[in-house]
Number of protein chains: 2
Amino acid sequence: MKVSREQVALNRQRIVETAARLFREKGYDGIGVADLMKSAGLTHGGFYGHFESKEDLLAEATAHALKKSVERWQGYAAQGPETALDKIGQGYLTEQHRDNPGAGCSVTALGADIARLGPKARRALTEGASGQMAVLQKLMSGQDDAEKRKQALAKYASMVGALVLSRAVDDEALSVEILQAVQASLSSTQ
Amino acid sequence: MKVSREQVALNRQRIVETAARLFREKGYDGIGVADLMKSAGLTHGGFYGHFESKEDLLAEATAHALKKSVERWQGYAAQGPETALDKIGQGYLTEQHRDNPGAGCSVTALGADIARLGPKARRALTEGASGQMAVLQKLMSGQDDAEKRKQALAKYASMVGALVLSRAVDDEALSVEILQAVQASLSSTQ
DNA sequence: ATTATCTATAGATCTATAGATAATGC
DNA sequence: ATTATCTATAGATCTATAGATAATGC
């Protein structure tokens with residue numbers, strides 16, 4: 001049942017993308033290797049030909065997902081600094097994002113899990129978060145780079161926290177209120 | 001091996017406190033009922049005399065931990081509004097808190113897990129988070145209650161996000177930088 | 001007599017590996 | 001001949017339950 005080299009690469013990519021979605025949806029411990037491979041259309045045993053371990057896959061899936069996210073933000077920033085911050089907020093601080101963790105921010109969905117896991121996943125998360133904070137920094141209003149960086153870090157933290165909170169509370173009105181409060185604070189000078 | 005009624009209540013309380021610590025340290029899936037009971041000095045089978053399920057215990061442990069946290073914040077607030085915000089930030093946005101999740105904020109440590117779990121745990125988290133936001137609201141500088149509430153929600157989100165980020169990144173300097181940026185933003189008007 | 005805790009286990013997972021199978025690509 | 005994927009399984013978990021044990025408290 002061997003497949004072509006091209007197909008192997010496609011299979012591997014499909015495992016990574018499936019994992020990126022399922023880990024964000026269900027958490028690292030919420031999905032097993034067997035179910036993950038089944039979702040990718042392959043069988044359990046084949047997994048270890050592609051990856052050393054489940055944790056290795058998490059690192060690769062996190063790197064993949066965050067890279068795409070950083071590129072999206074860079075795209076907004078390239079369209080001009082005035083609207084970029086609004087667009088980033090409108091993509092991040094919404095019910096759409098809150099209700100679709102599988103396609104959303106990996107820091108929010110997996111940050112607590114990754115904090116307890118090995119160095120590869122933490123590296124991937126750190127690079128992704130740094131990339132997003134770098135985009136934010138350019139959009140800040142501070143007088144110098146040091147001030148802009150401080151602002152960017154604080155804004156980013158507020159976005160991550162808002163999404164974690166909006167997903168965890170059981171009160172829809174409160175959930176939306178949190179997202180909107182942070183969205184409003186994004187464009188304020190500070 | 002029956003024990004006195006008094007001892008039963010003490011045992012139950014010890015299970016809750018042990019669970020509150022271990023769930024925050026290791027995540028909901030990171031600690032099993034057997035190990036948890038062992039840490040509390042009891043055997044596995046006894047657990048189901050005290051709680052209906054592991055998830056039930058999570059809800060109770062989360063309620064317990066957040067209640068204590070809200071009371072601490074209320075204590076700071078009672079000492080006067082000027083220093084209260086600094087004290088809250090100095091308790092929350094520190095390496096000490098970052099490195100001791102077992103005694104820290106349940107929203108940060110378990111928010112992503114609880115978002116995927118049943119209604120009881122989400123209820124406990126929502127009540128705790130609402131309590132903390134209510135304390136913050138009184139300390140805000142806004143002109144009316146609506147504005148103060150918006151400020152409090154945004155500040156709280158930034159604190160939660162800062163801790164999640166500071167624990168997840170693998171770069172000590174960046175981790176501290178995030179905590180300090182949010183600490184600085186706490187006392188700023190906005 | 002009641003009941004809190006104990007030991008033991010059922011039944012269902014989980015990650016990782018061993019060895020078989022069959023299609024690719026030299 | 002090589003190798004990507006398959007089936008099958010080892011060994012270690014996990015939650016929850018059943019029934020035994022022994023101390024409390026009527």
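Order of the sequence lines sets the chain letters (A, B, ...), proteins ahead of strands, with each chain counted from 1. Owing to the predicted nature of the structure, the values given are computational and were not obtained by experimental measurement.
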A.B. asks: Would you say the side-chain atoms of Gln79(A) and Lys87(A) include a donor-acceptor pair closer than 3.5 Å?
C.D. replies: yes
A.B. asks: Using the ring of Phe23(A) (Phe, Tyr or Trp, six-membered ring only), decide whether Lys54(A) places NZ or CZ under 6.0 Å from its centre and within 45 degrees of its axis.
C.D. replies: no
A.B. asks: Identify which nucleotide among dT5(D), dA22(D), dT3(D) has an atom closest to any side-chain atom of Lys2(A), counting heavy atoms from C-beta outward.
C.D. replies: dT3(D)
A.B. asks: Can you see whether Thr126(A) engages Asp171(B) through a side-chain donor-acceptor pair at a distance of less than 3.5 angstrom?
C.D. replies: no
A.B. asks: Within this structure, what is the CG-to-P distance between Leu42(A) and dA4(D), rounded to whole angstrom?
C.D. replies: 13 Å
A.B. asks: Aromatic rings Trp73(A) and Tyr92(A): how do their planes relate, parallel, tilted or perpendicular, breaks at 30° and 60°?
C.D. replies: perpendicular
A.B. asks: Between dG25(C), dT5(C), dT5(D), which nucleotide has the shortest distance from any of its atoms to the side chain of His50(B)?
C.D. replies: dT5(C)
A.B. asks: To the nearest Å, give me how far apart CZ (Phe51(B)) and C1' (dT5(C)) are.
C.D. replies: 14 Å
A.B. asks: Starting at the 5' end of nucleotides 14-20 of chain C, put B wherever the base has a protein heavy atom under 4.0 Å, S where only the sugar-phosphate does, and a dash everywhere else.
C.D. replies: SBBB---
A.B. asks: Give one of base, sugar-phosphate or nothing for Thr43(A), where a contact means two heavy atoms less than 4.0 Å apart.
C.D. replies: base
A.B. asks: Under a 3.5 Å cut-off for both contacts, is dA16(C) paired Watson-Crick or G-U wobble with anything, and if yes, with which nucleotide?
C.D. replies: dT9(D)
A.B. asks: Under 3.5 Å, which donor-acceptor pairs link side chains of residues 32-52 of chain A to any protein atom two or more places apart or in another chain?
C.D. replies:
{"residue": "Ser39(A)", "atom": "OG", "partner": "Asp35(A)", "partner atom": "O", "Å": "3.3"}

A.B. asks: Taking CD from Glu6(B) and C1' from dA4(C), how many angstroms apart are they, rounded to a whole number?
C.D. replies: 15 Å
A.B. asks: For the atom pair CG (Leu57(B)) and OG (Ser53(B)), what is the distance rounded to the nearest 0.5 Å?
C.D. replies: 8.5 Å
A.B. asks: Using a cut-off of strictly less than 4.0 Å, decide whether Asn11(A) has a side-chain nitrogen or oxygen near OP1 or OP2 of dA4(D).
C.D. replies: no
A.B. asks: In this structure, how many angstroms lie between the P atom of dA23(C) and the CZ atom of Arg5(A), rounded?
C.D. replies: 18 Å
